[in-house]
Amino acid sequence: MGQKTANKPELRDILSVLPRLLSNLPSPVKEFERVQTRDPFKVLVATILSARTKDEVTSAAVKRLFSEIKGPKDLEKLSTEEIERLIYPVGFYRNKARFLAALPKALKAFDYKVPDNLQDLLKIPGVGRKTANLVLSRAFGKSAICVDTHVHRIMNMWGFVKTSTPEETEMALEKILPKGWWSRINPVLVAFGQTICKPVVPQCGLCPLRTWCPRGKSL
DNA sequence: AAAACGGGGGC
DNA sequence: GCCCCAGTTTT
């Protein structure tokens with residue numbers, strides 16, 4: 001309260017600082033993106049597997065699975081148990097194996113192709129907003145705001161949104177985020193959240209934003 | 001020993 | 001809204 005408070009920068013100014021900062025750091029995100037192609041089916045599977053799972057583990061699971069299959073129709077031939085064995089030990093592997101086993105049936109309604117719109121993607125079991133928007137931006141090149149826990153946490157911490165659910169964050173960001181950032185904000189904030197602005201033990205000493213960030217001041 | 005992890009579904 | 005899923009790493 002007795003302290004000087006720097007003027008709060010615009011959101012776009014803050015975001016533009018991050019890529020250069022992150023380029024100087026080893027980012028775990030790069031490994032996850034490396035295994036991905038633009039193949040929508042592979043992107044979808046990798047994204048489903050990635051929840052609550054380290055990127056290296058996800059990458060390995062994707063490689064094992066796709067050494068056995070090429071597309072949805074191959075996946076249909078595998079039993080749930082076989083899928084479990086291939087994707088282990090990703091987080092919640094039994095749930096995810098069930099989702100993957102049901103995936104060919106779900107895709108049949110779309111001629112065995114991954115839908116390129118949000119409404120249809122959300123009909124697929126195991127696919128929520130985070131997964132759907134990531135597929136839209138990464139596989140189909142669309143402008144989609146993918147809000148995961150990092151995006152939700154950091155945007156609320158900075159005070160650009162005041163929301164209680166990721167969906168609310170997504171809607172709020174649609175109004176204040178320049179469209180050129182819609183697909184970029186997720187990779188950038190994930191990398192930032194994993195390497196510097198971590199939920200616990202944040203590396204505020206490395207962060208150029210600490211002079212105005214509320215968290216930097218409290219530390 | 002706890003808590004954290006790039007979610008989603010069922011209740 | 002709350003709780004569950006699970007193995008692995010960090011604190």
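All chains are named by letter (A, B, ...) in the order of the sequence lines, taking the proteins before the strands, and each is independently numbered beginning at 1.
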Colleague: Can you give one letter per nucleotide of nucleotides 3-9 of chain C, going 5' to 3': B for a protein heavy atom under 4.0 Å from the base, S for sugar-phosphate only, - for none?
Modeller: --BBSSS
Colleague: Which residue pairs pass the salt bridge (charged side-chain N to carboxylate O under 4.0 Å, His left out) test when at least one of the two sits in residues 119-133 of chain A, sequence neighbours left out?
Modeller: Asp120(A)-Lys123(A), Arg129(A)-Glu167(A), Arg129(A)-Glu170(A)
Colleague: I need the full list of salt bridge (charged side-chain N to carboxylate O under 4.0 Å, His left out) pairs touching residues 143-154 of chain A, with sequence neighbours left out, sorted by first then second residue.
Modeller: none
Colleague: Apart from Val201(A) itself, what residues make up its hydrophobic cluster when side-chain heavy atoms of I, L, V, M, F, W and Y under 4.5 Å apart count as a link, directly or indirectly?
Modeller: Val200(A)
Colleague: Apply side-chain hydrogen bond (donor to acceptor under 3.5 Å, both in side chains) to Ser67(A) and list each qualifying residue two or more places apart in sequence or on a separate chain.
Modeller: none
Colleague: Looking at dG6(B), I'd like to know if its phosphate oxygens (OP1 or OP2) sit under 4.0 Å from a side-chain N or O belonging to Gln194(A).
Modeller: yes
Colleague: With sequence neighbours left out, write down each residue that passes side-chain hydrogen bond (donor to acceptor under 3.5 Å, both in side chains) with Thr131(A), or none if nothing qualifies.
Modeller: none
Colleague: Can you list the residues that meet the side-chain hydrogen bond (donor to acceptor under 3.5 Å, both in side chains) rule with Lys96(A), with sequence neighbours excluded?
Modeller: Thr53(A)
Colleague: Does anything in residues 121-133 of chain A come within less than 4.0 Å of DNA chain B? Heavy atoms only, and list the residues if so.
Modeller: Ile124(A), Pro125(A), Gly126(A), Val127(A), Gly128(A), Arg129(A), Lys130(A), Thr131(A)
Colleague: Write out the stems for DNA chain B, ordered by first number and formatted as range with range, counting runs of at least 3 consecutive Watson-Crick or G-U wobble pairs under 3.5 Å.
Modeller: B:1-5 with C:7-11, B:7-11 with C:1-5
Colleague: Where along residues 175-185 of chain A does a heavy atom come under 4.0 Å from DNA chain B, residue by residue in number order?
Modeller: none
Colleague: Not counting sequence neighbours, list each pair that qualifies as a side chain to side chain donor-acceptor pair (under 3.5 Å) and has a residue in residues 97-108 of chain A.
Modeller: Asn95(A)-Arg98(A)
Colleague: The criterion is side-chain hydrogen bond (donor to acceptor under 3.5 Å, both in side chains); which residues satisfy it with Gln203(A), sequence neighbours excluded?
Modeller: none
Colleague: Using the C1' atom on both, measure dG6(B) against dG1(C) and round to a whole Å.
Modeller: 22 Å
